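The shown structure was predicted, so the numbers you read here are calculated from the model rather than taken from an experiment. In what follows, every chain begins at residue 1, and chains take the letters A, B, ... in the order their sequences are listed.
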Amino acid sequence: MNIEEVKQQAGPREFSPRDDLPREYREAATRMLEFHANSEIMGAYLERPFIRKAPSLERKMAFSAKTQDEIGHGQMLYRAAESLGIKTRDEMLADLANGDGKFLNCFHYPMERYVETPMIAFFVDGAAMRRQATLKSSSWEPYAHAMDKICFEEGMHVKHGESILRELMSGSKKEQEMTQEAFEEWWPRILQFFGPTDDQSTHHDFAEQVGLKTKSNDELRNAFLNTYMPKAEKYGLEIPDEPRIRDNGDGTYEVVEDDLDWEEFFTVSKNEYEGSKQQIDSRARAQEAVQWVRDMLDGQATTGDGPTPQAAD
Amino acid sequence: MAATDADLGAPDELTERERDAVEAQLFRLADDEYIQAERYTFWQVRAPTLESDLAVANNAQDELGHARLWYDAIQQFGYSEESLLWESEPDDFQHSTLVELPFSEGDWGDAILRGYLYDVAEEIRLAALEESTYREIRERTSRIQGEEDYHVEHAENWLRRMADDEEASRRVQAALDRLYPYALTLFEPVGDIEEDIVDLGIRDATLEEMREEWEERITAFLMDLGFEVPDDAEPATPTGRDNEHTQHWHDLHEEMVSSYRNLGRHEATKLMDDE
């Protein structure tokens with residue numbers, strides 16, 4: 001198949017590993033999937049301290065379960081990426097550890113306080129849900145298929161985040177103030193989640209033409225704002241005056257781009273922000289410390305002399 | 001069976017002596033599971049592979065679920081989750097010091113071996129509680145047993161693999177030498193009440209009997225894999241059972257209650273009835 005044929009045939013779940021697809025398509029799909037999978041891992045890494053710091057036994061269980069779900073999503077997405085034949089999972093994980101792997105902007109900001117957790121678990125996950133729901137119609141069938149399960153679980157995560165936010169915002173005055181403060185810190189990053197406006201997005205045109213993605217950044221940002229601004233207000237959060245958000249009166253919004261720090265955004269997306277380095281490097285050190293285990297597993301898989309090849313995981 | 005015929009009755013029907021003995025048994029069950037789970041979560045998003053990450057998270061959540069079951073049984077005596085976990089002090093806890101030790105970064109051998117030593121002891125303890133005269137313990141025990149079997153199997157599979165690898169077996173042996181005295185604290189008494197626990201049929205094996213069974217079982221398995229099991233070790237001190245702990249637990253406890261305290265909370269959220 002050449003690229004023109006791909007564009008003509010592109011539709012929901014149209015292409016699978018059985019198809020002979022041009023390298024350009026496979027590379028673009030790999031890039032999207034790898035980014036998505038990396039984001040699951042780094043999102044889990046960001047939230048893991050709150051398994052320990054959760055303020056109730058059942059919240060602790062929910063944080064542990066959510067973190068586990070994210071790792072499971074990463075696993076599924078890396079598999080869907082591998083099936084494109086461009087990069088192996090080990091290569092993608094190695095790139096993530098050495099700082100070459102890219103992931104969502106919000107996961108470059110380490111969280112210190114519990115009141116920050118709903119900023120990720122409600123707003124960022126809510127934003128991710130918007131994007132992910134549209135990926136059920138991606139033209140790469142393994143991607144769309146993975147999204148069926150992932151979207152279901154993400155729905156639970158957003159409820160978990162909403163429940164934490166509701167609790168904080170109906171708690172003591174101190175809790176409410178701390179939560180509002182965290183919201184103001186995170187809100188610009190959340191608005192940048194969908195990236196710059198479409199005329200600035202480089203990979204978008206091709207990904208849309210071949211059906212890998214079905215909605216533009218602007219459409220997704222509008223859909224998010226339509227749902228989540230009222231929700232934020234419902235729980236008593238005040239939307240900051242800046243960055244300015246103009247209501248077009250027709251269900252769409254315009255975020256004034258000059259009010260957002262795009263230099264920081266592009267530093268983040270190159271993994272060069274201070275928080276990026278902190279998150280990537282500390283995770284890489286933890287991974288490096290258990291390299292001996294992976295070497296052992298690899299050695300036993302290669303020689304086939306592992307005592308119980310299927311059982312230890 | 002004689003033991004189940006002699007039922008101590010509902011929580012509010014116990015004599016003071018019975019209640020003290022039941023509580024003594026419940027506290028160590030709950031605290032051991034809770035802190036073992038907490039330490040397991042150290043490996044979430046840090047395990048060697050995505051697959052082992054998922055497995056360690058399963059174990060942690062199983063143990064947290066068990067801890068919740070045991071704490072619920074304790075709460076039938078008028079305690080609250082807040083007083084037990086969040087407004088508590090480190091020396092309110094009676095878990096064995098085995099489960100409170102931190103992991104060194106990358107020491108997956110410790111994680112697996114500790115899980116093994118703990119889970120075999122847990123299996124033996126649960127077997128001794130199957131026919132407990134206290135119904136709340138009996139019923140929870142049968143709910144928990146199936147999952148603990150899986151934990152032991154999981155650890156055994158890893159240990160077989162690691163025994164086959166030079167570096168891994170060196171690490172496991174080092175962990176065994178270090179952890180063994182701490183593992184023995186699992187069988188240390190909380191006080192004179194131990195005799196009542198067995199006399200009242202709350203548990204049908206003594207600590208000495210359980211320790212003997214545990215030593216036989218783990219020694220046979222580990223020696224078969226080529227590891228050397230210490231044969232003259234004494235339990236580490238402090239034991240944890242006597243409410244005395246290592247500094248590691250004080251540090252961990254402080255971190256665990258930090259959000260609750262920083263938020264100025266007075267209530268721990270229950271989610272079961274949420275939405």
Side-chain angles (χ1 to χ4, degrees), chain A residues 41 44-45 47-65 67-68 70-72 74-75 78 89 93 113-115 159-160 163-164 167-168 171-172 174-175 178 283 285-297 299-300 305-308 310-313, chain B residues 34 37-38 41-42 44-55 57-58 60-61 64-65 67-68 71 81 85-86 104-109 153-154 156-165 167-168 171 252 255-265 267-272 274-275:
Chain A
I41 305 297
Y45 192 71
E47 286 189 277
R48 65 177 296 288
F50 296 93
I51 306 172
R52 176 151 302 166
K53 294 180 188 168
S56 93
L57 181 54
E58 291 185 351
R59 287 271 186 240
K60 183 184 289 289
M61 295 171 83
F63 270 100
S64 174
T67 302
Q68 183 188 31
E70 311 286 13
I71 296 297
Q75 186 192 37
Y78 283 125
R89 180 173 102 172
L93 285 168
R113 294 157 296 150
Y114 183 73
V115 291
K159 281 199 171 138
H160 155 85
S163 162
I164 292 174
E167 182 178 38
L168 287 166
S172 66
K174 179 185 169 194
E175 282 187 38
M178 287 162 71
R283 181 185 161 277
R285 276 195 301 277
Q287 282 300 300
E288 177 60 32
V290 281
Q291 182 60 43
W292 65 273
V293 184
R294 287 189 296 277
D295 290 343
M296 174 190 86
L297 296 173
Q300 292 174 347
D305 68 356
T308 47
Q310 77 295 350
D313 52 15
Chain B
Y34 184 50
E38 185 64 40
T41 67
F42 169 83
Q44 286 197 251
V45 210
R46 299 168 72 100
T49 61
L50 298 179
E51 288 69 25
S52 49
D53 214 297
L54 296 171
N58 268 338
Q61 286 158 46
L64 285 172
R68 183 175 57 178
Y71 284 125
E81 180 182 330
L85 302 185
W86 308 105
S104 300
E105 184 132 77
D107 202 351
W108 186 246
E153 192 187 314
H154 175 253
E156 286 179 347
N157 286 334
W158 267 105
L159 287 169
R160 285 193 195 96
R161 258 184 191 275
M162 294 204 277
D164 235 35
D165 180 274
E167 184 180 358
R171 286 173 183 266
L252 177 61
E255 207 182 336
M256 288 166 76
V257 299
S258 60
S259 297
Y260 186 91
R261 287 186 179 165
N262 292 340
L263 293 166
R265 286 269 163 99
E267 239 177 277
T269 318
K270 290 274 190 186
L271 301 174
M272 300 297 270
D274 202 26
E275 291 173 72

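Salt-bridge check for B:E81 with A:K60: failed, with every basic side-chain N at 4.0 Å or more from each acidic carboxylate O.
Of all heavy-atom pairs between A:S64 and B:Q44, the closest is OG-OE1, 2.7 Å. Considering all non-hydrogen atoms of both residues, A:T67 and B:V45 come closest at CG2-CG2, 3.3 Å. Here the closest heavy-atom approach between residue B:P48 and residue A:R294 is recorded as O-NH1, 2.8 Å.
The contact between B:L50 and chain A is made by backbone and side chain atoms together, counting heavy-atom distances below 4.5 Å. Heavy atoms of B:A37 lying under 4.5 Å from chain A are absent altogether. The part of A:S172 that comes within reach of chain B is its side chain, from C-beta onward, which places non-hydrogen atoms under 4.5 angstrom from that chain. Heavy atoms of B:T41 lying under 4.5 Å from chain A belong to its backbone as well as its side chain. When heavy atoms are compared at a cutoff of 4.5 Å, A:F63 does not approach chain B at all.
Here the CD1 atom belonging to A:I51 is positioned 8.5 Å from the CD atom belonging to B:E38, to the nearest 0.5 angstrom. Here the CD atom belonging to A:Q68 is positioned 4.5 Å from the CG atom belonging to B:N58, to the nearest 0.5 angstrom. To the nearest 0.5 angstrom, A:M296 atom CE is 10.0 Å from B:E167 atom CD. In this structure, NZ on A:K53 lies 13.0 Å from CE on B:M256, to the nearest 0.5 angstrom. Rounded to the nearest 0.5 angstrom, A:L297 CG and B:W158 CH2 are separated by 4.5 Å. Summarising the geometry, atom CZ belonging to B:F42 is positioned 7.0 Å from atom CZ belonging to A:R48; distances are rounded to the nearest 0.5 Å.
Of the listed residues (A:Q75, A:M178, A:R89), the greatest number of heavy-atom pairs within a distance under 4.5 Å of chain B belongs to A:R89. In terms of heavy-atom pairs under 4.5 angstrom with chain B, the leader among A:A65, A:G72, A:G74 is A:A65. Of the listed residues (A:R285, A:Q291, A:E167), the greatest number of heavy-atom pairs within a distance under 4.5 Å of chain B belongs to A:E167.
A:Q287 places no side-chain N or O within donor-acceptor distance of the main-chain N or O of B:T49, the cut-off being under 3.5 Å. Between the side chain of A:K174 and the main chain of B:N262, a donor-acceptor pair closer than 3.5 Å is present. For A:W292 (side chain) and B:G106 (main-chain N/O), a donor-acceptor pair under 3.5 Å exists by modelled atom type. Side-chain atoms of A:Q300 come within 3.5 Å of backbone atoms of B:R161 as a donor-acceptor pair (strictly under, hydrogens ignored).
Between A:L168 and B:L263 the shortest side-chain heavy-atom distance falls below 4.5 Å. A 4.5 Å side-chain heavy-atom check between B:Q61 and A:M61 finds every atom pair outside the cut-off. Taking the side chain as every heavy atom from C-beta outward, A:R59 and B:L271 approach each other to under 4.5 Å.
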